Protein chains: 2
Amino acid sequence: MYTYEYPRPSVTVDCIIFGLDNEDLKVLLIQRGQPPFQGSWAFPGGFVNIDEHADIAAKRELQEETGISDMYMEQLYTFSTPNRDPRGRVISIAYYALVKLSNFAKPQAASDAQRAEWFSVNDLPELAFDHQEIFDTAFQRLQGKVRYQPIGFELLPEKFTLSQLQNMYEIIIGKSLDKRNFRKKILRMGLLIDLEERQQGVPHRAAKLFKFDKIMYQKLEAEGFAFEI
Amino acid sequence: MYTYEYPRPSVTVDCIIFGLDNEDLKVLLIQRGQPPFQGSWAFPGGFVNIDEHADIAAKRELQEETGISDMYMEQLYTFSTPNRDPRGRVISIAYYALVKLSNFAKPQAASDAQRAEWFSVNDLPELAFDHQEIFDTAFQRLQGKVRYQPIGFELLPEKFTLSQLQNMYEIIIGKSLDKRNFRKKILRMGLLIDLEERQQGVPHRAAKLFKFDKIMYQKLEAEGFAFEI
DNA sequence: CTACTTAGCGTAAAAATGACACGAATATAA
DNA sequence: TTATATTCGTGTCATTTTTACGCTAAGTAG
């Protein structure tokens, strides 16, 4: 038991994990096994341990609840509306993450046997707590950030075609781009390595594969280059 | 006394308040009256009450410690390194604020009689806790955001000249801009109202005064217009 | 009235953007 | 083997935007 002179909130982390399939941007949700909001869907998350950095807690919870590790993750926002959790005062530090969905097609049904499922961002079920607000914040952040930082690559496989890349931007930003102009623009940046390799097993002309050149990006960024789609 | 089954962190807010004088970007610091870090400087802040939204807490602390209210403020980041505060486990939700410095030339020496002072961001004293890291995060955020959102106006008086506006951007971004190009660009946006009024009491040709057109910005933003300097 | 300081303005070259369509490559089905 | 279906990969031109650049006008102080 722990006793304090003044009341203290609980602090949790919640993780919004985005993944991309060919048609949709998806997020991972977990079905709650217990009240409150039993049976409804929520983002994975849990308590921050007393001597744990919130970044670590977010990664730990994600690993525990979904088996996912080693992804791009960044802090999103901290939610502190007083009655956001009916069980008491809970402040949640939200994170969002981008994963290469191909690696995680079947999310593990988690250690504590909850159901985890990917949902299209365009077709979310009703969410527990204030998770709809958290989602809105995350999606807005992603839409804003993807255009000015090369984080979109985190959603694609290591090797990707220019069409896949364009498709990813179209799905996230929500409007279509001109193919020729897109290619000109992205290639001109010099951030893609042409792997001199082609797709396998597609039922049509195979496209060339590229890879994001992280080293080059760091170099250019240091010189003041600004990524922009 | 309050007793819990598991240990809980304290949660605080810290506020980085930026103000602009003609030569410098400044931040408001408070000299600590007690250990730890007695005598060194820190950002104003304090505990979040148990039923208080962190946004409210940030505004309240700022009002209490500096007398400042009614400013632009937004959440910055949440800092949770386990030993960031030697007194125990303290998680801090940091906010940054922009004020019209002219209104607050002399910060109130605060309710609890601490010394508050404006420091140039280029000449900060040693800061308490992890406040240097918090400052770095805030400054970086400001530098990034000022170019894509019209928040810079929050640092200027209601009525300002184009030179003052340009000067603000030069100070924050840290490089000089071409006068003619800057004017063309900003005027073309149609976000400035020409007040048909001139500066008073300057020892040289007086410049025209302008005002930021918030209504117009909201209208344009809704139509997909993107502010950019 | 002179000296000093800042305001206010336009043009031309270069670069980026936006609109637009078709032949090449490859797999599958007939 | 031939036809069909699908995606790949590419260039030009008009328009817009960005960049570079320097002088006169206006007003105050001495």
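Chain letters run A, B, ... following the sequence lines, proteins first, then strands; residues in each count from 1. These figures come from a predicted structure and were not determined experimentally.
- Side-chain contact between A:I134 and A:F139 is absent, with no heavy atoms from C-beta onward closer than 4.5 Å.
- One interatomic measurement links the two molecules: NZ of B:K208 to P of D:dG27, which rounds to 13 Å at whole-angstrom precision.
- Distance, A:Q164 CD to D:dT7 C1': 12 Å, rounded to whole Å.
- Residue-to-nucleotide proximity on DNA chain D shows that, of B:R188 and B:D178, the 5′-proximal contact is made by B:R188.
- Following rounding to the nearest Å, A:L187 (CG) and C:dA16 (C1') show an atom-to-atom distance of 16 Å.
- Interface remark: the A:K184 side chain does form a donor-acceptor pair with the D:dT12 base, using a distance-only criterion of under 3.5 Å.
- In this structure, B:S69 and B:K59 have side chains that are not in contact, with every pair of non-hydrogen atoms separated by 4.5 Å or more.
- At a cut-off of 3.5 angstrom, counting only N and O atoms as typed in the model, there is a donor on one side and an acceptor on the other between the side-chain of A:K179 and the base of D:dG9.
- The side chain of B:R183 places no N or O atom within less than 4.0 Å of a non-bridging phosphate oxygen (OP1 or OP2) of C:dC9.
- At whole-Å resolution of the value, CD in B:E170 and P in C:dT6 are 13 Å apart.
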**Message:** side-chain contact (heavy atoms from CB on, under 4.5 Å) for A:L209 and A:Q199? Distances and angles first, verdict last.
**Reply:** CA-CA 7 Å; A:L209 292 168; A:Q199 283 180 300; 4.2 Å; yes

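- Between A:F227 and A:F225, the distance separating the two ring centers is not shorter than 6.0 angstrom.
- Between B:S163 and the phosphate of C:dT6, there is no side-chain N or O to OP1/OP2 separation shorter than 4.0 Å.
- Between the base of C:dA25 and the side chain of A:R205 there is no donor-acceptor pair shorter than 3.5 Å.
- Side chain of A:D21 to main chain of A:E23: a donor-acceptor pair is present (N/O by atom type, distance under 3.5 Å, no hydrogens or angles).
- Following rounding to the nearest Å, B:F182 (CZ) and D:dA20 (P) show an atom-to-atom distance of 16 Å.
- In the set D:dG9, C:dG8, D:dT6, the nucleotide with an atom closest to the side chain of A:H204 is D:dT6.
- For the pair A:N181 CG and D:dA14 P, the computed distance is 16 Å after rounding to whole Å.
- Checking A:R180 against B:Q199, the closest nucleotide of DNA chain C that is more toward the 5' end is the one next to B:Q199.
- Within the 4.0 Å cut-off from OP1 or OP2 of C:dT6, not a single side-chain nitrogen or oxygen of B:R198 is found.
- Atom pair B:L209:CG and C:dA7:P shows a separation of 11 Å (rounding to whole Å applied).
- At whole-Å resolution of the value, CZ in A:F210 and P in D:dC8 are 12 Å apart.
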